[in-house]
Amino acid sequence: MTLTRFSAERGPRERALPRRLLTTTACALTLLTGTTALPAMAQVAGEAAASRSYDIPAQPLANALRTFGRQSGLQVSLPAEAARGGSSARVSGTLSAEAALSQLLAGTGLSYRISNGVVVVGAQPPAATNDAAPADGATVLDKIHVTGERTATSVSSVNIGAEQLEARNPDSIADVFRDEAGVSVGSSIPTSQKVYVNGLEETTLAVTIDGSRQNNRVFHHNATNLIDPSLLKAVDVDAGIAPADAGPGALAGSIAYETKDVKDLLSEDGFGGMVSETYNSNSRTFTTGLGGWGMQDGFEFLGFLNYGKGSNYEAGNGAEVRGTETNLLSGLGKFAYEADSGDRFEISHERVRDDAERPYRANASAVTTGRPWEPRYRNYKLDRDNTVFTYTDTTPEGWWDPTIRLAYSHSSVKTPIFYDAGGGVGASYAGQGESGSLNGKVENKFTLENGTVVAGLDFYSDRIELDTAVNTEDARERARNVGIYSQARLEPLDAMRLSFGGRADKQWFEGTTGQEWDHQGLSGNASVEYDLTSFLTAKAGASHVWAGIPLAEAFIMNPAWNYGSSGPEVTTANNVMAGLEFHHDGYTAGANLFRNRISDARVAKWASASANLNYDVETHGFEISTGYDWIDGFIKVKYAHIEAEIDGKPADSDTGNYLTTPVGNIITVSAAHIFADWGLRIGTDMEFAPEYKDGATTYASYQVVNLYTEWKPEQLPHMTFRAEVQNLFNETYASRATYGQEFGNVTPLYEPGRTFLLSVRATF
């Protein structure tokens, strides 16, 4: 089943990048004319009104308000007498600053006022303003800006909240990350899209959905985690350095997907629902969404269902890309009960199914192999489901703030396996690859005077197996792991944030032959942020990660593998990152350097002697960003340079399966403005990938521009109308992380050409 591919340097192409850059920048400036002159006072008012993601545990009041200031971007004034002995309530969710502050101060008896970007807590004169002196003995917490929305120190993170997801209105996981230069998504169809963070594939990261570990190495031609983004409320990515409580195996960081909750939709007892419809003009695809939710006397329920059906799309050159039709069904259900005591029990189940004709290798349009018995297309049926039970205490007291979670995730791919029946005539038999993970954790968050410490125990029992109509080919590998961990997040000084922690893991691994091996190892991480000035912050961090033995892919498993006496090598990683962040009056800028090294990364092949095959992988580079936010909009520019090597040589997308992919240089531009009086939002996002040479391979340049407008009419407050044009200039291209671009015998999956999306959503 091993394919031999060759590299071929592409011929020169027309270089239109400068012209396109000028044209598209002009489009963005036209959209935003006049907005950058808005007063700075309007900016801080917008900060108070905008919704952000808050996660502030119950703790001493001064600490809680300091954390609130950092997450909201507002200045906080607190009278000294009010701070003594006071404790805050827990705040969690996507809220306005006013709603978050109201929750935080619940039960304290303290009043507050937000005026010109200043939060005044306690008895203050009515005329208190940004220029007014604080009351005698008051503690004034300096205004703090952060790039993301998380309390944890993170040298390089991507934090996408509900508001950003709503603005992007993603159709696929690629749309979720389309503003992030450091996060690449390969392939043009959801069933084969893989996410790369700083050039490293998501199976090298600790990936969770609603806290449940994902273990989805089923078939390298398919997506590792097929996700319906319409069900998401937030995505958090730690690039390179993940905290110990992110879970085991966080070699290159972590990705945490979180689905919608009832409390994101209702603030008090009641019921609601929604219906939506989206039409894609290119593939003539209709996607219908239905949802309902309710909350009453502590009970909560939520249900979402989405169905998409459509045809193949056309690339920018007008050619039909066969095997790209939509036949997607997804759903999410949640049920919870929260007692008056604060004890909260929740169970959720989420499922996605894709069932359609795809290219024979679903991540490439065509691969010329000289095997006439292989058809150009075959049917793939991909299922992924995730079930999670969680217990938390929403009113923690003192050092008691527990989380107990038990989850099961499962993924399967069904597709026929073809072989030469003689004379080059093909025949096939049924094949199914599956992965599953039973996982969970018990942890507690201890709130200290200057931060928090999380400590706990987690486990997983993973399996990956192949089941075919030829029973002699059936095979399975299993791995079990138990880990203990602790992560501290402290503020020893007003200008310093520290995060450090470690894990101890023990793993038991079982091969396809029934042989067993066990190993144990230690992991550690540390990162620091220090405010050099009121507007400049320095960051640095490092981690060492022990990940045990990774399981192999289902569709290449061999029951006759020769593991030897010692079995596969354990996989480890060493990561370092450093950066600077600037923020002043709505302007932001940042720069990060990174290097990720993974040793003995296992990527087994089918041959009996290739069970222990592994590589040393390294990615390194930098990311630069700048932006400006005003009361009703923003503009952001990000540039990432990422180089990838495997065993010291330039990486390619075939050897890099489950590891890495060539990325090179990526530039993203995003901008939007809201005309509040009209209920209208307009925006754009762009991606520029300059020509990139890596070794003997040249990767072609491309430029993509998307525009959108969204209208929420005042006369119809429950309706939302949206129009979008993707790939405005009808570019013919494959995204940089898409498989096979460096091989002359591969026709990659080109992205859709110019596409118009029309959608309407009604809530009630």
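These figures come from a predicted structure and were not determined experimentally. Below, all heavy atoms of this structure are taken into account, side chains as well, without hydrogens, waters or symmetry copies.
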Examine distances only and state if a side-chain atom of [X] and a backbone atom of [Y] form a donor-acceptor pair shorter than 3.5 Å.
X	Y	result
Ser735	Val185	yes
Asn327	Lys309	no
Lys414	Asp355	no
Lys194	His220	yes
Tyr699	Pro690	no
Ser435	Val218	no
Arg384	Leu226	yes
Asn665	His641	no
Asn727	Gly316	no
Asn575	Leu251	yes

Side chains of [X] and [Y], heavy atoms from C-beta outward: is any pair under 4.5 Å?
X	Y	result
Arg284	Tyr313	no
Phe634	Ser670	yes
Glu350	Phe304	no
Asp652	Thr697	no
Thr738	Asn363	no
Val352	Ile227	no
Leu328	Asn306	no
Gln726	Leu757	yes

Contacts of Trp711 meeting ring pair (Phe, Tyr, Trp, His ring centres under 6.0 Å) (sequence neighbours excluded), chain-then-number -> Phe721
Hey, is [X] close enough to [Y] for a salt bridge, meaning N to O under 4.0 Å?
X	Y	answer
Asp616	Arg597	no
Lys636	Asp179	no
Arg178	Glu751	no
Lys638	Glu180	yes

How many angstroms lie between [atom1] in [X] and [atom2] in [Y], if you round to the nearest 0.5 Å?
X	Y	atom1	atom2	result
Thr208	Asn225	OG1	CG	10.0 Å
Tyr639	Thr626	OH	OG1	15.5 Å
Thr259	Ile209	OG1	CD1	8.5 Å
Glu314	Thr755	CD	OG1	9.5 Å
Ile642	Tyr196	CD1	OH	12.0 Å
Ile417	Leu466	CD1	CG	5.5 Å

Minimum heavy-atom separation for [X] and [Y], please, with both atom names.
X	Y	value
Met557	Ala552	CE-O, 3.6 Å
Ala723	Leu758	CB-CD2, 3.9 Å
Ser187	Ser192	OG-OG, 2.5 Å
Ser365	Val321	OG-CG1, 3.9 Å
Ala364	Val746	CB-CG1, 4.0 Å
Ile666	Ala181	O-CB, 3.7 Å

For the rings on Phe286 and Tyr307, is their centre-to-centre separation under 6.0 Å?
no
Go through the side-chain N and O atoms of [X] and [Y] and say whether any donor and acceptor fall under 3.5 Å apart.
X	Y	result
Asn198	Glu623	no
Thr732	Asn317	no
Tyr380	Asp354	no
Asn596	Thr619	yes
Glu201	Thr224	yes
Ser653	Glu742	yes

For Tyr279 and Phe756, run ring pair (Phe, Tyr, Trp, His ring centres under 6.0 Å): C-alpha distance rounded to whole Å, both residues' side-chain angles, the deciding distance at 0.1 Å, then the answer.
CA-CA 8 Å; Tyr279 174 69; Phe756 295 94; over 10 Å; no
Would Glu687 and Arg736 count as a salt bridge (charged side-chain N to carboxylate O under 4.0 Å, His left out) if you check the C-alpha gap in whole Å, the side-chain angles of each, and the deciding distance to 0.1 Å?
CA-CA 11 Å; Glu687 180 179 338; Arg736 184 57 57 81; over 6 Å; no
Let me see the working for Tyr708 and Asn169 under side-chain contact (heavy atoms from CB on, under 4.5 Å), right down to the final yes or no.
CA-CA 10 Å; Tyr708 67 87; Asn169 194 37; over 6 Å; no
Test side-chain contact (heavy atoms from CB on, under 4.5 Å) applied to Asn657 and Glu553, step by step
CA-CA 10 Å; Asn657 276 319; Glu553 172 196 322; over 6 Å; no
Phe743 vs Tyr739 aromatic rings, parallel, tilted or perpendicular, using cut-offs 30° and 60°?
tilted
Derivation of the side-chain contact (heavy atoms from CB on, under 4.5 Å) call for Gln703 and Phe729
CA-CA 8 Å; Gln703 307 87 44; Phe729 295 120; over 6 Å; no
Does Glu202 have any salt bridge (Lys or Arg N to Asp or Glu O under 4.0 Å) partners at least two apart in sequence or in another chain, and if so, which?
none
Evaluate the criterion side-chain contact (heavy atoms from CB on, under 4.5 Å) for residue pair Ile556 and Lys605; output intermediate values, then yes/no.
CA-CA 6 Å; Ile556 56 88; Lys605 303 295 183 182; 5.9 Å; no
Which residue, Glu166, Glu710, Glu277, forms the salt bridge (charged side-chain N to carboxylate O under 4.0 Å, His left out) with Arg761?
Glu166
Among Arg378, Arg322, Lys381, exactly one meets salt bridge (charged side-chain N to carboxylate O under 4.0 Å, His left out) together with Glu357. Which residue is that?
Arg322
